[in-house]
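Since the structure comes first, as structure tokens, the remarks are kept for the end.
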Number of protein chains: 2
Amino acid sequence: MYENGYVPPILTVDSIIFQLIENTLNVLLIERQREPFKGYWALPGGYNAAGETTREAMSRVLEAKGGIPVSKLALIEQLYTFDTVARDPRGHAVSVSYMGLGRGLTPQLGNTTQHPRFFPVPHLPKLAYDHAAIISYAHERLRSKLEHTTTCVALLPEAFTLTELQSAYEAVLGHEFDKRNFRKKFLSLDMIEETGDSRREGAHRPARLYRFKSKTIERLVHNFD
Amino acid sequence: MYENGYVPPILTVDSIIFQLIENTLNVLLIERQREPFKGYWALPGGYNAAGETTREAMSRVLEAKGGIPVSKLALIEQLYTFDTVARDPRGHAVSVSYMGLGRGLTPQLGNTTQHPRFFPVPHLPKLAYDHAAIISYAHERLRSKLEHTTTCVALLPEAFTLTELQSAYEAVLGHEFDKRNFRKKFLSLDMIEETGDSRREGAHRPARLYRFKSKTIERLVHNFD
DNA sequence: ACAAAAGTGTTAAGAATACACCCATGT
DNA sequence: ACATGGGTGTATTCTTAACACTTTTGT
């Protein structure tokens with residue numbers, strides 16, 4: 001295959017796709033149809049063949065097994081490369097993982113038999129391989145991105161209320177904020193603006209809608225934590 | 001090689017080794033002996049064969065081409081996986097990069113013909129491939145680690161003066177600190193302690209020596225920047 | 001005595017925290 | 001009229017930033 005005796009290791013990709021559902025952070029999993037870990041849940045992943053970039057492989061695998069077209073994601077970022085032991089029966093493999101963020105994602109089950117589903121991160125099913133560790137690594141990275149940057153553009157709809165914004169932070173960071181302090185601080189960062197509209201829903205005062213001034217992810221002057 | 005037609009891409013590893021020399025951040029480079037980029041300087045890197053973890057491959061290559069035994073490094077951390085184009089004449093390759101930190105490192109030229117040398121980051125020679133971009137990515141990561149953690153344990157000797165500590169920060173972050181504020185803040189973090197000794201050198205008052213209370217890298221309560 | 005780096009405190013401005021009530025709407 | 005979530009201000013504490021002189025040593 002390659003001249004002069006060089007044999008590369010098996011290369012795989014994994015995707016960790018997060019979205020918020022009902023103020024909770026959720027992650028996309030598929031059900032393993034085969035041993036090892038038959039009946040366990042796993043991150044959508046698969047082989048990376050020669051001639052394919054890791055990002056291409058990730059897109060292909062995510063769509064084929066996870067039922068999510070990569071074009072629906074608002075952010076994709078390479079996470080870490082794991083030297084996975086025992087992932088492949090053929091031996092040692094190297095796995096490049098990507099984190100993806102979006103909102104309103106629903107897996108298209110069309111041609112997959114892998115039952116892709118979003119699970120709330122606080123209540124994950126039994127996980128194959130070291131995927132529990134990978135998810136918590138990804139969650140940690142997401143936490144850190146939220147603290148330092150405007151990453152939540154990728155988790156929220158274009159127009160959102162301050163309460164939704166605060167809930168997104170609370171869901172990812174796992175603790176609550178004081179409403180007045182949160183609003184004062186976020187508004188002082190000068191990264192969001194009112195759309196002018198408001199949203200009526202339920203028997204209470206309508207909420208003003210905001211949008212991010214920039215759709216790209218920016219570094220914050222003062223961090224949240 | 002592998003059954004059922006799967007052919008993995010070429011996998012390589014690269015190492016970005018930093019150390020401080022005379023209050024300047026330096027990086028280890030080797031001179032390319034062959035085309036492409038013959039005569040340019042490059043990060044020590046090489047092939048990762050099947051059956052070898054990326055970290056093992058990185059250790060092997062760093063010692064063979066860079067003349068630095070990995071045991072001399074105080075910290076090794078995976079940095080990023082680049083889908084390198086045109087790194088290998090045989091086509092698309094995937095390269096896992098590692099950042100290493102140490103002090104007092106001197107390349108052992110024994111069996112290498114690659115002239116490994118440390119170059120000050122502000123004055124790099126002409127670089128092969130996209131290695132200039134990789135070095136600045138690594139530098140950015142190092143900056144961020146220094147701001148948030150006690151990563152400079154890996155850059156300083158066990159006992160160091162506060163002036164040395166401050167110089168390390170200044171060399172990596174690229175800007176100066178006020179001496180009184182820096183000392184006050186660092187001491188208030190409660191992560192270093194006096195050794196009890198001091199160091200006389202030159203025609204001036206001797207400097208007290210300090211050590212980190214923990215040799216592992218800890219998160220700081222308040223950041224530097 | 002002088003040159004050179006080590007060491008040291010105070011003040012002012014800005015940021016973070018703690019905390020409780022009124023507002024606009026639907027039923 | 002009441003229930004529901006939206007919206008707002010102040011006082012205190014902590015952190016940061018700006019700033020200059022004295023100490024100890026070697027020559």
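Each chain gets a letter, A, B and so on, in the order the sequences are listed, and its residues count up from 1.
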Report task. Name the residue closer to the 5' end of DNA chain C, choosing between A:Glu201 and B:Ala203 according to the nucleotide with the nearest heavy atom. Result -> B:Ala203
Requested in this report: Taking only heavy atoms on the protein side, list every residue of residues 163-174 of chain B lying under 4.0 Å from any atom of DNA chain C, sorted numerically.
Outcome: B:Thr163
Query - Polar side chain donor-acceptor pair, A:Ser95 to A:Asp14, under 3.5 angstrom - result: yes
Query - Pairs involving residues 150-161 of chain A, ordered by first then second residue, that meet salt bridge (Lys or Arg N to Asp or Glu O under 4.0 Å) (sequence neighbours left out) - result: A:Glu158-A:Lys215
Report summary line: B:Glu176 atom CD is separated from D:dA18 atom P, nearest whole Å, by 13 Å
Report task. Measure from the ring center of A:His148 to the ring center of A:His222 and say whether it is less than 6.0 Å. Result -> no
Report task. Round to the nearest Å and state the distance from B:Phe177 atom CZ to D:dA17 atom P. Result -> 9 Å
Query raised in the report: Hey, are A:Asp225 and A:Arg143 close enough for a salt bridge, meaning a charged N less than 4.0 Å from a carboxylate O?
Result: no
Query raised in the report: Do we see a donor-acceptor contact under 3.5 Å between the side chains of B:Ser214 and B:Thr216?
Result: yes
Query raised in the report: C:dA6 P sits how many Å from B:Glu194 CD, rounded?
Result: 15 Å
Report summary line: Separation of C:dA6 atom C1' from B:Phe160 atom CZ, nearest Å, is 16 Å
Requested in this report: Please state how far atom CZ in B:Phe224 lies from atom P in D:dA17, giving the value in whole angstrom units.
Outcome: 11 Å
Query raised in the report: Does the pair A:Arg199 and A:Glu164 meet the rule for a salt bridge (charged side-chain N to carboxylate O under 4.0 Å, His left out), with working shown?
Result: CA-CA 12 Å; A:Arg199 182 195 294 159; A:Glu164 284 170 342; 2.6 Å; yes
Query - B/S/- contact track for nucleotides 8-16 of chain C, protein heavy atom under 4.0 Å - result: BBB----SS
**Report entry** Identified side chain to side chain contact (heavy atoms under 4.5 Å, CB included) counterpart of A:Phe160 within the set A:Thr195, A:Ile192, A:Leu209
**Finding:** A:Ile192
Report summary line: In whole angstroms, the gap separating P of D:dG6 from CZ of A:Arg199 amounts to 10 Å
**Report entry** B:Gln33 atom CD, over 12 foreign heavy atoms within 6.0 Å
**Finding:** yes
Report task. Report the C-alpha distance between B:Glu77 and B:Lys145 in whole Å, list the side-chain angles of each, state the deciding distance to 0.1 Å, and finish with yes or no for salt bridge (charged side-chain N to carboxylate O under 4.0 Å, His left out). Result -> CA-CA 11 Å; B:Glu77 177 177 299; B:Lys145 288 185 72 76; 2.6 Å; yes
Requested in this report: In whole angstrom, give the distance that lies between atom CG of A:Asn23 and atom C1' of D:dG5.
Outcome: 13 Å
Report task. Grab the NE2-P distance between B:His204 and C:dA5 for me, whole Å please. Result -> 6 Å
